[in-house]
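Encoded as structure tokens, the structure appears first; notes follow it.
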Amino acid sequence: MPDIKFIVENTALVKEGLQKKGYTPEELDVDALIKLHKEITALKTSSQALAEEKNKLSNSIKSAAPDERPNIIAQSKAVGEKFKQEQDQLDAKQKEFDLFMLKMPNLPSPESPVGPDDSGNVVRRKVGKIPHFDFEPRDHIALMEINDWSEMERIAKVSGSRTYAIKNELAKLELAMHMMVLDKLRAEGFTVITVPSVSKEKPLYGQGYLPFSRDEVYYMPEDDLYLSGTAELILNSLRADEILSENELPVLYAGFSPCFRREAGAAGKDTRGLVRVHQFMKTEQFVICKDSIAESEKWHQKLLQISEEILQDLELPYQVLEVCTGDMGAPKYRQYDLEAWVPSQNCYRETHSCSNITDWQARRTNLRYRDNTDGKVHYVHTLNNTGIATPRVLVPFIENHQNEDGTVNIPPKLQSYMNVTKIGKGV
RNA sequence: GGAUAGAUGGCCGAGUGGUCUAAGGCGCACGAUUGGAAAUCGUGUGUACCUCUAAAGGGUACCGUGAGUUCGAAUCUCACUCUAUCCGCCA
């Protein structure tokens with residue numbers, strides 16, 4: 001959520017940003033928000049004056065002469081009544097205001113392409129050579145069947161649709177990719193951390209998942225807990241309410257966790273195979289840095305570079321997509337998606353999503369740092385990016401590296417994690 | 001799941017109804033001292049918001065969270081959350 005003072009002082013700019021993000025003035029009435037804020041401020045001023053009077057009266061009772069006390073108590077009681085009335089009004093308005101603010105999206109970067117939906121996304125570059133097979137390439141499902149790498153039909157009977165069970169060398173490959181990426185991130189200075197997949201409700205508001213997309217997350221009512229769709233959820237709240245010293249920044253986390261998504265809005269899409277499943281594993285890059293756009297944009301580029309290198313290490317052709325204002329989620333200031341080439345679908349599919357959130361999440365989690373220069377407390381900026389997410393990335397991986405006999409080549413960077421140059425028994 | 005104890009400022013810890021913006025200590029910052037350091041001494045040491053302002057200042061709230069009692073709550077009542085230890089169960 002943005003700063004209300006900023007909204008008041010830059011109303012036109014805020015309205016422009018909201019429009020770019022696809023919000024109509026009816027959906028988010030900024031003028032109404034500002035009006036509400038002014039009412040709250042006025043109420044605060046008057047109710048605080050009442051509180052002051054009440055405190056003074058109360059404090060005077062102890063030193064007052066006994067015969068004066070009943071009088072003062074009566075006065076204080078009267079002021080207390082008035083105070084309570086105003087306080088109730090204030091609480092109601094404050095609640096309304098807080099709810100409104102929770103719905104306020106981040107404003108997009110002026111650099112972001114403006115567009116209504118994913119049709120406005122812009123390809124910034126394509127890297128790697130799309131393979132041309134001199135045989136009929138198989139899709140990843142066929143490759144898994146040939147090589148005895150999966151139990152897709154059977155696991156659907158056990159665990160329902162959009163689940164997966166992969167085995168043998170492919171199962172090992174899945175874990176090897178995470179090991180490779182964790183090693184890389186550790187070398188980049190990240191703290192490797194494994195985090196839970198369950199979360200209380202508050203972190204979902206902190207991340208900005210709520211109140212926007214409740215139907216996409218698993219909820220366990222008996223325990224009042226949610227299943228995490230990404231380690232970002234956990235890492236974003238890990239340091240909540242802290243005031244970090246500037247010397248601690250940047251905080252870099254490489255968080256590994258199983259991730260769970262209901263995929264409620266994806267009916268009919270990618271129903272077969274490993275592209276879109278309810279449970280998957282993700283190693284997430286998460287950055288906490290100082291609150292200048294220059295600083296967080298620098299880290300945004302760095303995160304993008306790291307994930308590009310990961311795709312290059314996996315020798316996957318990919319494109320860098322800059323996500324347009326209308327297709328970005330509410331928390332985001334600027335976003336790149338990386339998409340790897342999937343031969344069987346003849347298109348690029350998303351494997352990484354790299355976002356600069358600026359201070360939007362930090363305001364929700366109350367995560368701040370003390371600046372060495374001015375000695376003041378500032379909200380931090382947060383950023384997140386996929387490190388590697390499996391099994392989805394296995395789809396472009398085994399399809400791009402397949403041989404005619406159905407075996408799959410392992411690129412050099414992964415070989416030390418797999419101890420082989422090729423996997424699969426083939427036909 | 002059962003039992004017990006507990007939750008106070010960056011940390012330790014005192015405080016069981018009225019100047020508590022919380023004693024004391026540690027830490028930290030600055031200064032004095034020193035050739036330099038240690039030790040010592042002195043001063044300072046939260047956050048948010050309101051108001052006012054050139055600056056300073058004034059005020060309100062915050063002692064796990066929420067509600068209640070009271071003229072007045074860190075302190076009393078209720079509910080909840082979390083932590084520790086023991087028992088049970090268990091990858």
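Note that the coordinates shown come from a computational prediction; the quantities given were computed from them, not determined experimentally. Chain identifiers are assigned alphabetically (A, B, ...) following the order of the sequence lines, protein sequences preceding nucleic acid strands; residue numbering begins at 1 within each chain.
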(request) Would you please confirm or rule out a distance under 4.0 Å between OP1 or OP2 of rU47(B) and any side-chain N or O of R370(A)? (result) yes
(message) Partner lookup for rU83(B), please. Criteria are Watson-Crick or G-U wobble with both distances under 3.5 angstrom; report none if nothing qualifies.
(response) rA5(B)
(request) Determine, for K302(A) against E188(A), whether the closest basic-nitrogen to carboxylate-oxygen distance falls under 4.0 angstrom. (result) yes
(request) Please state whether the rings of F256(A) and H178(A) are parallel, tilted or perpendicular, taking 30° and 60° as the class boundaries. (result) perpendicular
(request) Write down the distance separating the C1' atoms in rU43(B) and rU16(B), rounded off to the nearest Å. (result) 34 Å
(request) Write down the distance between CG (N55(A)) and P (rU19(B)), rounded to a whole number of angstrom. (result) 12 Å
(request) Could you please name the partner base of rG24(B), counting Watson-Crick and G-U wobble pairs only when both distances are under 3.5 Å? (result) rC12(B)
(request) Whole angstrom is fine here: how far is it from CD in Q48(A) over to P in rC52(B)? (result) 12 Å
(message) Tell me whether K167(A) is salt-bridged to D148(A), with the criterion being a basic N under 4.0 Å from an acidic carboxylate O.
(response) yes
(request) Report the distance from atom CD of E81(A) to atom P of rU70(B), rounded to the nearest whole Å. (result) 10 Å
(message) I'd like to check Y164(A) versus I166(A) (side-chain heavy atoms, cut-off strictly below 4.5 Å). Are they in contact?
(response) yes
(request) Measure from the side-chain heavy atoms of K200(A) and tell me the nearest of rG18(B), rC50(B), rU81(B). (result) rU81(B)
(request) Using atom CD1 of I243(A) as one end and atom P of rC11(B) as the other, report the distance to the nearest whole Å. (result) 11 Å
(request) Could you please name the partner base of rU60(B), counting Watson-Crick and G-U wobble pairs only when both distances are under 3.5 Å? (result) rA48(B)
(request) Identify the two heavy atoms, one from T163(A) and one from G160(A), that lie closest to each other, and give their separation to 0.1 Å. (result) OG1-O, 2.9 Å
(message) Between P on rG17(B) and CD1 on I61(A), what's the gap in Å once rounded to a whole number?
(response) 17 Å
(message) Taking only the C1' atom of each, what is the distance from rA73(B) to rA84(B) in whole angstrom?
(response) 28 Å
(request) Step through the shown structure and confirm whether more than 12 heavy atoms of other residues, nucleotides or ligands are within 6.0 Å of CD on E81(A). (result) no
(message) Using a heavy-atom cut-off of 4.0 Å across all strands, would you classify S47(A) as base, sugar-phosphate, or nothing?
(response) nothing
(request) Measure from CD on E52(A) to P on rC49(B) and round the result to the nearest Å. (result) 20 Å
(request) Tell which nucleotide pairs with rA37(B), taking only Watson-Crick or G-U wobble pairs whose two distances are both under 3.5 angstrom. (result) none
(message) Return the pairing partner of rC71(B) with a 3.5 Å limit on both distances, Watson-Crick or G-U wobble; otherwise return none.
(response) rG18(B)
(request) Using the closest heavy atom to pick a nucleotide of RNA chain B for each, name whichever of S76(A) or S46(A) lands nearer the 5' end. (result) S46(A)
(request) Indicate whether OP1 or OP2 belonging to rC49(B) is found under 4.0 Å from a side-chain N or O atom of K44(A). (result) no
(request) Output yes when E86(A) and K82(A) qualify as a salt bridge under the 4.0 Å nitrogen-oxygen rule, no when they do not. (result) no
(message) For a quick check of understanding: with a heavy-atom distance under 4.0 Å over all strands, which category does V377(A) fall into, base, sugar-phosphate or nothing?
(response) sugar-phosphate
(message) Give me the distance, rounded to whole Å, that separates rA3(B) from rU8(B) when you measure between the P atoms they each carry.
(response) 25 Å
(message) Suppose you measure atom C1' in rA23(B) against the same atom in rU40(B); what distance do you get, rounded to whole Å?
(response) 24 Å
(message) In whole Å, I'd like the distance from the NZ atom of K95(A) to the C1' atom of rA67(B).
(response) 12 Å
(message) Using atom C1' in both nucleotides, what's the gap between rA67(B) and rA56(B) to the nearest angstrom?
(response) 40 Å
(request) Assign each of N59(A) and K54(A) to its nearest nucleotide of RNA chain B by heavy atoms, then name whichever residue's nucleotide is nearer the 5' end. (result) N59(A)
(request) Pick the C1' atom in rU53(B) and in rC41(B), then give their distance to the nearest Å. (result) 37 Å
(message) What is the distance, to the nearest angstrom, from the CD atom on E201(A) to the C1' atom on rG66(B)?
(response) 15 Å
(request) Could you let me know what rC30(B) is paired to, Watson-Crick or G-U wobble, both distances under 3.5 Å, or none if it's on its own? (result) rG42(B)
(request) Pick the C1' atom in rC12(B) and in rU70(B), then give their distance to the nearest Å. (result) 33 Å
(message) Measuring only the C1' atom in each nucleotide, how far is rG9(B) from rA14(B)? A whole number of Å is fine.
(response) 13 Å
(request) Tell which nucleotide pairs with rU53(B), taking only Watson-Crick or G-U wobble pairs whose two distances are both under 3.5 angstrom. (result) none
(request) Just name whichever nucleotide pairs with rA91(B), Watson-Crick or G-U, keeping both distances under 3.5 Å, else none. (result) none
